[in-house]
There are 2 protein chains.
Amino acid sequence: MKLSVKSDYAARAVLGLARHYPTGAALRVEDLASGQGVPANYLVQILIELKAQGIAKSVRGKEGGYLLARAPAEISLGDVLRAVHGEVFDTPALSDPNCAPELRGAWQRLKDAMDKAAAGITFQQLLDEGADKEKMYYI
Amino acid sequence: MKLSVKSDYAARAVLGLARHYPTGAALRVEDLASGQGVPANYLVQILIELKAQGIAKSVRGKEGGYLLARAPAEISLGDVLRAVHGEVFDTPALSDPNCAPELRGAWQRLKDAMDKAAAGITFQQLLDEGADKEKMYYI
DNA sequence: ATCGCTTTTGACCGAGAGCTTCACGAGCGA
DNA sequence: TCGCTCGTGAAGCTCTCGGTCAAAAGCGAT
């Protein structure tokens with residue numbers, strides 16, 4: 001099971017916005033893209049999806065750009081994954097009625113594990129981990 | 001994150017072989033395919049991969065077919081997923097060096113959760129669940 | 001009002017993967 | 001030798017993914 005580059009880009013974008021969140025200012029797409037190593041034109045589409053899901057919001061015109069719609073503590077990795085794909089975990093078997101019920105149960109268990117793990121990772125945690133790592137250099 | 005139909009087919013195939021495991025006889029591809037609602041010509045390719053990973057084995061000639069190489073209790077859903085794709089969970093971010101380390105940690109946690117969940121589901125369990133369900137009708 | 005900045009939207013395209021089918025070769029038993 | 005089965009490779013088809021581009025639209029400043 002391979003995760004798409006899109007999910008990765010989306011996570012990077014949200015992390016970038018989260019780092020910038022305390023300033024309260026909007027971040028331009030171009031700056032966000034170059035800071036995270038993501039093609040700007042592609043990032044635009046991802047940001048639009050993030051906005052549609054209420055994760056980010058945008059400001060137009062000069063001094064415009066993107067910022068998070070909620071605090072980083074309120075955004076989980078699962079939210080981001082659901083924003084760019086429909087579901088965190090999906091398989092044709094779950095919607096196939098002539099799939100054996102015991103198998104469907106197995107896929108469901110896998111899905112639940114995935115959902116739970118993704119919901120348990122918030123971007124505030126990631127910010128803290130990054131800060132901890134940086135603190136190492138000062139010791 | 002979408003799971004391919006191939007993984008589903010592989011799981012069905014192994015479940016079908018597991019049900020037939022106690023007899024010790026080989027199961028023809030055609031029979032296995034029609035029993036599980038899988039295109040036979042495609043199933044062949046999947047079975048070859050399962051065989052290459054030591055999950056199934058084959059017998060040629062008349063009375064030939066496929067059977068499990070180990071007991072159903074020794075085969076986890078993770079084994080099957082790893083047989084048809086390379087990994088249970090993979091993302092370009094994990095091998096991208098200029099991805100933020102805190103993000104890589106997050107993906108790794110997701111991967112671990114997935115691996116653990118997939119390793120914890122054996123086909124013996126699925127057989128038992130199926131048997132339990134069948135017993136319901138006799139009450 | 002107009003201009004420059006930004007997001008927004010939609011269309012487009014090439015490459016590759018996934019799914020499926022087919023045809024033919026190879027091993028085994030009668 | 002014949003019939004049965006697996007084994008293997010190749011082909012086609014569709015669809016998604018990753019990425020680009022251009023034009024529209026909102027906002028602020030001059």
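Note that the structure is predicted; figures quoted are calculated from it, not measured.
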Next item on the list: State, yes or no, whether a side-chain contact exists between B:I46 and B:K6 at a heavy-atom distance under 4.5 Å.
Entry: yes

Notebook entry, point to check: Rounding to a whole Å, what distance do you find between A:L67:CG and C:dT6:P?
Noted result: 15 Å

Next item on the list: Mind running a 4.0 Å heavy-atom check of residues 20-33 of chain B against DNA chain D and sending the residues that fall below it, in number order?
Entry: B:R28, B:V29

Margin query: I need the minimum non-hydrogen distance between B:A11 and A:W107, along with the two atoms involved.
Written below: CB-CZ2, 3.7 Å

Check: Atom CD1 of A:I46 to atom P of D:dT20: distance rounded to whole Å?
Finding: 12 Å

Check: Hey, which of these two, A:G61 or B:S58, hits DNA chain D nearer its 5' end, going by closest nucleotide?
Finding: B:S58

Check: For C:dT20, does OP1 or OP2 lie under 4.0 Å from any side-chain N or O of B:Y42?
Finding: no

Check: Which part of the nucleic acid, if any, lies within reach of A:E63 when heavy atoms closer than 4.0 Å are counted: base, sugar-phosphate only, or nothing?
Finding: nothing

Next item on the list: Go through residues 9-16 of chain B and report each residue with a non-hydrogen atom lying under 4.0 Å from DNA chain C, sorted by number.
Entry: B:Y9

Margin query: Students often get this wrong, so: under 4.0 angstrom with heavy atoms, is B:K51 touching a base, only sugar-phosphate, or nothing?
Written below: sugar-phosphate

Check: How many Å lie between CG on A:D8 and C1' on D:dC17, as a whole number?
Finding: 14 Å

Note to self: Quick check for you: among C:dT9, D:dG18, C:dT20, whose closest atom lies nearest to any side-chain atom of B:Q45?
What the structure shows: C:dT20

Check: Given atom NE2 of A:H85 and atom P of D:dC17, what is their separation to the nearest angstrom?
Finding: 6 Å

Margin query: Looking at every heavy atom in both B:A56 and B:L17, which two are closest together, and how far apart are they?
Written below: CB-CD1, 4.4 Å

Note to self: Checking contacts here: which listed nucleotide (D:dG19, C:dC19, C:dA26) is nearest the side-chain heavy atoms of B:R60?
What the structure shows: C:dA26

Note to self: Distance check needed: D:dG18 P versus A:E49 CD, whole Å only.
What the structure shows: 12 Å

Check: Can you find a pair of side-chain heavy atoms, one from B:Y42 and one from B:V5, that are under 4.5 Å apart?
Finding: no

Notebook entry, point to check: Rounded to whole angstrom units, what separation is found between the CD1 atom of B:I48 and the C1' atom of C:dG27?
Noted result: 14 Å

Margin query: Quick check on DNA chain D: between A:K62 and A:K6, whose nearest nucleotide comes earlier from the 5' end?
Written below: A:K6

Note to self: Taking A:V29 as the starting point, is it possible to reach A:L67 by hopping between hydrophobic residues whose side chains are less than 4.5 Å apart?
What the structure shows: no

Checklist line | Neighbour count >12 (heavy atoms, 6.0 Å) for atom CD, A:Q108 | finding: yes

Checklist line | Distance in angstrom units between A:L43 CG and D:dT20 C1', rounded | finding: 14 Å

Notebook entry, point to check: Is the shortest heavy-atom distance from the side chain of B:L68 to the side chain of B:F123 under 4.5 Å?
Noted result: no

Item checked: Transitive ILVMFWY side-chain link B:V88 to B:L94, under 4.5 Å -> yes

Check: Are the side chain of A:R12 and the backbone N or O of A:L32 linked by a donor-acceptor pair below 3.5 Å?
Finding: no

Margin query: If we ignore hydrogens and angles and just use 3.5 Å, is the side chain of B:Q125 paired with the main-chain N or O of A:A106 as donor and acceptor?
Written below: no

Note to self: Let me spell it out: for each of B:L3 and A:V44, pick the nucleotide of DNA chain C with the closest heavy atom. Which residue's pick is nearer the 5' end?
What the structure shows: A:V44

Check: Counting side-chain heavy atoms from C-beta on, which of C:dC22, D:dT20, D:dG18 comes nearest to B:N41?
Finding: C:dC22

Notebook entry, point to check: Within this structure, what is the CE-to-P distance between B:M1 and D:dC17, rounded to whole angstrom?
Noted result: 13 Å

